[in-house]
Amino acid sequence: MKVQRVVLNSRPGKNGVPVPENFRLEEITLAPDLKNGEVLARTLYLSVDPYMRCRMNEDTGADYLTPWRLSECVDGGGVGVVESSLCSTCSEGDIVTSFNWPWQTHAVMTGSGLQKVDPQLVDGHLSYFLGAVGITGLTALLGIREKGHVTKGANQTMVVSGAAGACGSIAGQIGRLDGCVRVVGICGSDEKCKALVEDLGFSAAINYRLEDVPTRLKESCPNGIDVYFDNVGGAISDAVIAQMNNGSRVILCGQISQYNKDVPYPPPLSDETQENLRSKKITRERFTVLSYMSKADASLYELSQWIKSGQIKVLETVVDGIETMGDAFCSMMKGGNIGKQIIKISQ
């Protein structure tokens, strides 16, 4: 069987911005014979995510992330359908997902490394398993629950940076559902601001490319900031932390503004920001969703119910074809997506 796959063609360099030419499309032949425990799956959807920029480096800077190897197939979040199986836990027709799905149109995988999912959880929107009812939604929900300490009736204000991205767009809605009276999003275009307020129910949105972030934060958060869901780091996070209340909390989810730089994770903070954290007793702890996977099933069910009832709306940017993977990844890294960036590989 002839299949197409995407391999890592070159590394951008630690301080480099990724370009589509870092990836290469190849055609290979898959052997038809499965070994015991293996399945042949047709890829339906693939995901590109900010953490993947770290995997482009020889050293990812995170012990739980392995680097992609040059001239080898790239992998990440994927969902597909089993076409044949020699595995007792997977049958033909099953919908399966994995965090390490090869960027291929078809793939032979070990069945034990796949998770079977129920299409009814997402009303047939199978791409949601890569976003709102997958690791992205879990990151938003468990990040807020484990590190945010939102309390109903406590008149709390939450700020989300990268608010129109896959995780931020869900996190802001969960903050509101869990009891924040104000949820303010920071993003990079007027179109995204409009989507946050009109579609997702954010109280306000700030376009950091066009507006003065500290001034707009003061206007949008008159009682200060109690919870900050941080996806970006850098100057935006410094501005938010400067207006946080005593005893408030930073949920350190991502630092996309720093991923093209040769800095450790989490990146070092300015003296002024460190002093703000210390003097106001602000809790800022790194959050890694993989540490809380014992709560995954219950959390995914809760996300599914919220989406089915319309209490959470899911935004996606979908492009077609495995040949668009490199372009989609680079666009996502520059904020070209609203909501989750998805690549549709087959029907």
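- Ion pairing of E285 with R249 is absent here, as no side-chain N (NZ or NE/NH1/NH2) approaches a carboxylate O to less than 4.0 Å.
- Residue pairs that meet the side chain to side chain donor-acceptor pair (under 3.5 Å) test with at least one member in residues 326-347, sequence neighbours left out, are R42-S346, S47-K340, D49-K340, T136-K340, K344-Q347.
- For the pair V159/V183, no side-chain contact is recorded, criterion being any heavy-atom separation below 4.5 Å from C-beta on.
- Cluster annotation: L126 and V48 are assigned to the same hydrophobic cluster (Ile/Leu/Val/Met/Phe/Trp/Tyr, side-chain heavy-atom contacts under 4.5 Å, transitive).
- Here the side chains of Y228 and S248 are not in contact, with every heavy-atom distance at 4.5 Å or above.
- With I251 as the partner, the side chain to side chain contact (heavy atoms under 4.5 Å, CB included) test is satisfied by one option alone out of D230, I144, V160: I144.
- Cluster annotation: I236 is connected to L277 through the hydrophobic network of ILVMFWY side chains, with a link wherever side-chain heavy atoms come within less than 4.5 Å.
- Considering only heavy atoms from C-beta on, I343 stays 4.5 Å or farther from Y45 through its side chain.
- In terms of hydrophobic clustering, with Ile, Leu, Val, Met, Phe, Trp and Tyr side chains grouped at heavy-atom distances under 4.5 Å, F229 and L290 are assigned to a common cluster.
- Side chains of V133 and Y301 form no contact here, defined as non-hydrogen atoms less than 4.5 Å apart.
- Counting heavy atoms from C-beta on, the side chains of I322 and V6 come closer than 4.5 Å.
- Distance alone, capped at 3.5 Å, places no donor-acceptor pair between the T60 side chain and the T66 backbone.
- In this structure, L86 and L34 approach most closely via the heavy-atom pair CD1-O, 3.1 Å.
- The pair R145-E302 meets the salt-bridge criterion, since a charged nitrogen lies less than 4.0 angstrom from a carboxylate oxygen.
- Between the side chain of K280 and the backbone N or O of M244, at least one donor-acceptor pair lies under 3.5 Å.
- Annotation: E323, atom CD; neighbour count of heavy atoms from other residues, nucleotides and ligands within 6.0 Å is above 12.
- Ring geometry for F99 versus Y51: interplanar angle under 30°, hence parallel rather than tilted (30 to 60°).
- Side-chain contact between I312 and I174 is present, with heavy atoms from C-beta onward closer than 4.5 Å.
- Judged by distance alone, with hydrogens and angles left aside, the side-chain atoms of E58 form no donor-acceptor pair with the main-chain N or O of P67 at under 3.5 Å.
- Counting heavy atoms of neighbouring residues, nucleotides and ligands inside a 6.0 Å radius, atom CD of Q311 exceeds 12 of them.
- Using modelled atom types, one side-chain atom of S85 and one backbone atom of C90 make a donor-acceptor pair closer than 3.5 Å.
- Taking all atoms of both residues into account, the shortest heavy-atom contact from P214 to Q243 is O-NE2, 2.9 Å.
- F129 and V318 fall within the same hydrophobic cluster, defined by Ile, Leu, Val, Met, Phe, Trp and Tyr side-chain heavy atoms under 4.5 Å apart, directly or through other members.
- Considering every non-hydrogen atom in both R216 and A205, the closest pair reads NH2-O, 3.1 Å.
- Among residues at least two apart or in separate chains, there is no side chain to side chain donor-acceptor pair (under 3.5 Å) pair with a member in residues 117-126.
- Classified by interplanar angle (parallel below 30°, tilted 30° to 60°, perpendicular above 60°), the ring pair Y292/F287 is parallel.
- Put simply, the side chain of H106 reaches to within 4.5 Å of the side chain of L30, judged on heavy atoms.
- The main-chain N or O of G175 is never found under 3.5 Å from a side-chain atom of D178 such that the two would form a donor-acceptor pair.
- Contact between C221 and V184 at its shortest, heavy atoms only, is SG-CG2, 3.8 Å.
- Each of L210 and V232 belongs to its own hydrophobic cluster when Ile, Leu, Val, Met, Phe, Trp and Tyr are linked at side-chain heavy-atom distances under 4.5 angstrom.
- Checked against ring-ring contact (aromatic ring centres under 6.0 Å, His included), F202 has no partners two or more places apart in sequence or in another chain.
- Without hydrogens or angle criteria, S220 side chain to L217 main chain gives no donor-acceptor distance under 3.5 Å.
- S299 and L141 make their closest contact through CB-CD2, 3.5 Å (heavy atoms, listed as atom of the first residue, atom of the second, distance).
- Remark: the backbone N or O of L269 is not paired with any side-chain donor or acceptor of T273 at under 3.5 angstrom.
- The main-chain N or O of T151 is found under 3.5 Å from a side-chain atom of Q156 such that the two form a donor-acceptor pair.
- Residues G137 and L303 approach most closely at C-CD1, 3.5 Å, considering heavy atoms.
- Under a 4.0 Å N-O distance rule, the pair E191/K194 does not qualify as a salt bridge.
- Under a 3.5 Å cut-off, the side chain of E316 and the backbone N or O of G339 do not form any donor-acceptor pair.
- Listed for the N100 side chain is no donor-acceptor partner under 3.5 Å among the backbone atoms of P102.
- Under the side chain to side chain contact (heavy atoms under 4.5 Å, CB included) test applied with I342, the options D320, L130, L46 reduce to a single match, L130.
- The shortest side-chain heavy-atom distance between E38 and C87 does not fall under the 4.5 Å cut-off.
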